[in-house]
Chemist: 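Mind looking over this structure? Questions follow.
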Amino acid sequence: MLFRSVVIQGYDGDAMEPFLTRDGSVLFFNNSNAPSAQTDLHWAERVNDTTFRYRGRIDGANSDALDGVASMSADGRLCFISTRSYETTRGSVYCSAWRPAGVTPPVLQEDVSAHILGRLMFDLEVSADGANLIVADGEFRGGPAPSTADLRQARWSGDHYVLSPQDDALFAALNTRALEYAAALSADGLTLAFTRLEGTFPFVRTSIWLARRDGLALPFGAPTRLTAIDGDFVEGPTFSPDDRAIYYHRKVGDHYAIWRVSR
């Protein structure tokens with residue numbers, strides 16, 4: 001395994017929740033998601049595998065609330081998490097169309113929400129073909145992290161995503177009493193990386209896991225922990241276009257940065 005830190009030229013803040021577009025040309029990320037931070041979506045252009053040139057906040061995507069965790073299909077449907085309307089809609093998933101430097105007006109995906117106070121879809125991944133959306137369904141009870149979190153799936157239906165309870169079986173081997181979130185799909189949809197958080201604050205640890213399946217309609221098999229990826233708060237994997245490398249963020253001191261590991 002080869003580990004290298006990722007440089008975002010022109011940016012010196014926290015970089016979390018990376019997503020690399022399917023052609024590898026653009027890196028999406030958000031700054032710190034701490035309660036005291038104004039969390040926004042940012043983007044950078046590829047220079048090489050470990051260097052990106054910062055281009056700024058994503059025009060049209062950000063609000064006064066938390067906006068983060070971007071993911072995009074190969075044809076440019078960009079989805080992300082935002083709490084901008086949660087108090088009134090109980091929804092947090094928005095989708096729009098990517099345009100260079102910005103997006104079309106984001107549309108709330110109402111049918112992805114559980115519509116229950118305290119339940120929040122707080123993470124997501126769009127499949128390469130845009131047909132499916134993997135979300136992290138969390139229950140929040142006032143602590144710094146959700147009390148429960150499991151991976152679920154929504155399907156594209158006409159012009160929006162709809163949560164698909166029948167697809168819960170796809171993740172039966174992955175979801176546990178720990179917190180599972182921050183999923184990443186390979187280009188063919190057969191390999192899934194995700195984050196697992198175990199323990200109770202402040203004594204918690206995160207790890208990144210990998211699971212595979214033999215067909216798109218089949219459940220994922222038992223996951224394997226990527227033990228080579230270690231450190232404080234390793235989270236948020238995303239695949240390189242050839243699926244031979246994983247980008248993720250980790251905490252180094254008081255700072256969050258993006259790293260790349262390749263085989």
Chemist: So, do Ser63 and Ser82 sit near enough that their side-chain heavy atoms are less than 4.5 Å apart?
Modeler: yes
Chemist: Run the numbers on Ile229 and Tyr248 for side-chain contact (heavy atoms from CB on, under 4.5 Å), then give the verdict.
Modeler: CA-CA 9 Å; Ile229 299 178; Tyr248 62 98; 3.7 Å; yes
Chemist: Under 6.0 Å from the CD atom of Glu87, do we count more than 12 heavy atoms belonging to anything else shown?
Modeler: no
Chemist: Check Gly253 against Lys251 and note the closest heavy-atom contact, atom names and distance.
Modeler: O-CE, 3.2 Å
Chemist: How long is the gap from OG on Ser127 to CD1 on Ile134, to the nearest 0.5 Å?
Modeler: 8.0 Å
Chemist: Relative to each other, are the rings of Tyr54 and Tyr11 parallel, tilted or perpendicular (30° and 60° limits)?
Modeler: tilted
Chemist: May I ask whether Ile58 and Val26 are part of the same hydrophobic cluster, defined by side-chain heavy atoms of I, L, V, M, F, W, Y residues being less than 4.5 angstrom apart, directly or through others?
Modeler: yes
Chemist: In this structure, are over 12 heavy atoms from other groups packed under 6.0 Å from Asp23 atom CG?
Modeler: yes
Chemist: Is there a side-chain hydrogen bond (donor to acceptor under 3.5 Å, both in side chains) between Gln109 and Asp111? Walk through the geometry before answering.
Modeler: CA-CA 6 Å; Gln109 304 298 297; Asp111 291 332; over 6 Å; no
Chemist: With a sphere of 6.0 Å drawn around CZ of Arg225, does it hold more than 12 non-hydrogen atoms of other residues, nucleotides or ligands?
Modeler: yes
Chemist: Could you give the distance from SG (Cys95) to CZ (Arg77), rounded to the nearest 0.5 Å?
Modeler: 7.0 Å
Chemist: Quick one, Glu17 with His249, criterion side-chain contact (heavy atoms from CB on, under 4.5 Å). Give me CA distance, side-chain angles, the key distance, then yes/no.
Modeler: CA-CA 6 Å; Glu17 308 290 355; His249 75 248; 4.0 Å; yes
Chemist: Might you confirm whether atom CG of Asp214 has over 12 heavy atoms from other residues, nucleotides or ligands at distances under 6.0 Å?
Modeler: no
Chemist: Do the charged groups of Asp137 and Arg119 touch, with an N to O distance under 4.0 Å?
Modeler: yes
Chemist: A side-chain contact here means heavy atoms from C-beta on lying under 4.5 Å apart; do Leu190 and Leu216 qualify?
Modeler: yes
Chemist: With ring-ring contact (aromatic ring centres under 6.0 Å, His included) as the test, would you mind laying out the steps for Tyr161 and Trp156 before giving the verdict?
Modeler: CA-CA 4 Å; Tyr161 285 105; Trp156 186 252; 4.8 Å; yes
Chemist: Which atom pair, heavy atoms only, marks the closest approach of Val103 to Ser96?
Modeler: CB-OG, 3.3 Å
Chemist: Cation over ring, Arg84 on Tyr94, under 6.0 Å and within 45°?
Modeler: yes
Chemist: Carefully, step by step, assess Phe171 and Leu192 under the rule side-chain contact (heavy atoms from CB on, under 4.5 Å).
Modeler: CA-CA 10 Å; Phe171 311 102; Leu192 184 143; 4.1 Å; yes
Chemist: For the residue pair Val93 and Ile81, establish whether any side-chain heavy-atom pair is separated by less than 4.5 Å.
Modeler: yes
Chemist: Flag the pair Leu27 / Arg46 as yes when at least one side-chain heavy-atom distance between them is below 4.5 Å, and no otherwise.
Modeler: no
Chemist: Side chains of His42 and Asn30: any donor to acceptor distance under 3.5 Å?
Modeler: no
Chemist: Hey, mind stepping through Glu125 and Arg152 against salt bridge (charged side-chain N to carboxylate O under 4.0 Å, His left out) and telling me if it holds?
Modeler: CA-CA 11 Å; Glu125 168 81 345; Arg152 305 186 70 189; over 6 Å; no
Chemist: For residues Leu163 and Gln153, report the shortest heavy-atom separation together with the two atoms involved.
Modeler: CD1-O, 3.7 Å
Chemist: Please determine whether residues Leu124 and Phe194 belong to a single hydrophobic cluster, defined as Ile, Leu, Val, Met, Phe, Trp and Tyr linked transitively by side-chain heavy-atom distances below 4.5 Å.
Modeler: no
Chemist: Decide yes or no on side-chain contact (heavy atoms from CB on, under 4.5 Å) for Val126 and Met72, but give the supporting numbers first.
Modeler: CA-CA 6 Å; Val126 182; Met72 192 169 73; 5.9 Å; no
Chemist: How about Trp43 and Trp98: do any of their side-chain heavy atoms sit closer than 4.5 Å?
Modeler: yes
Chemist: Check the pair Arg250 / Asp232 against salt bridge (charged side-chain N to carboxylate O under 4.0 Å, His left out), numbers first and verdict last.
Modeler: CA-CA 6 Å; Arg250 61 176 293 190; Asp232 291 339; over 6 Å; no
Chemist: Got a second to check how far Ser32's OG is from His255's NE2, nearest 0.5 Å?
Modeler: 10.5 Å
Chemist: Do the non-hydrogen side-chain atoms of Ser85 and Arg90 ever get within less than 4.5 Å of each other?
Modeler: no
Chemist: Flag yes if more than 12 heavy atoms outside Asp242 fall under 6.0 Å of its CG atom; otherwise flag no.
Modeler: yes
Chemist: What are the two closest heavy atoms between Leu185 and Arg22, and how far apart are they?
Modeler: O-NH1, 3.0 Å
Chemist: Specify the closest pair of heavy atoms between Ala61 and Pro106, including all atoms of both residues, with the distance to one decimal.
Modeler: CA-CG, 4.4 Å
Chemist: Please report the shortest heavy-atom distance between Ala128 and Ala187, naming the atom on each side.
Modeler: CB-O, 3.6 Å
Chemist: For Thr104 and Ala97, indicate whether the former's side chain and the latter's backbone hold a donor-acceptor pair under 3.5 Å.
Modeler: yes
Chemist: How would you list all residue pairs meeting ring-ring contact (aromatic ring centres under 6.0 Å, His included) that involve residues 103-130, not counting sequence neighbours?
Modeler: Phe122-Phe140, Phe122-Tyr181
Chemist: Kindly indicate whether the side chain of Val107, heavy atoms from C-beta on, has any atom under 4.5 Å from the side chain of His160.
Modeler: no
Chemist: Under 3.5 Å, side chain of Thr206 to main-chain N/O of Val234, donor-acceptor pair present?
Modeler: yes
Chemist: If you measure from the Lys or Arg side-chain nitrogens to the Asp or Glu carboxylate oxygens, is any gap between Glu198 and Arg196 under 4.0 Å?
Modeler: no
Chemist: Evaluate the side-chain proximity of Met16 to Val69: yes if any heavy-atom separation is below 4.5 Å, no if none is.
Modeler: no
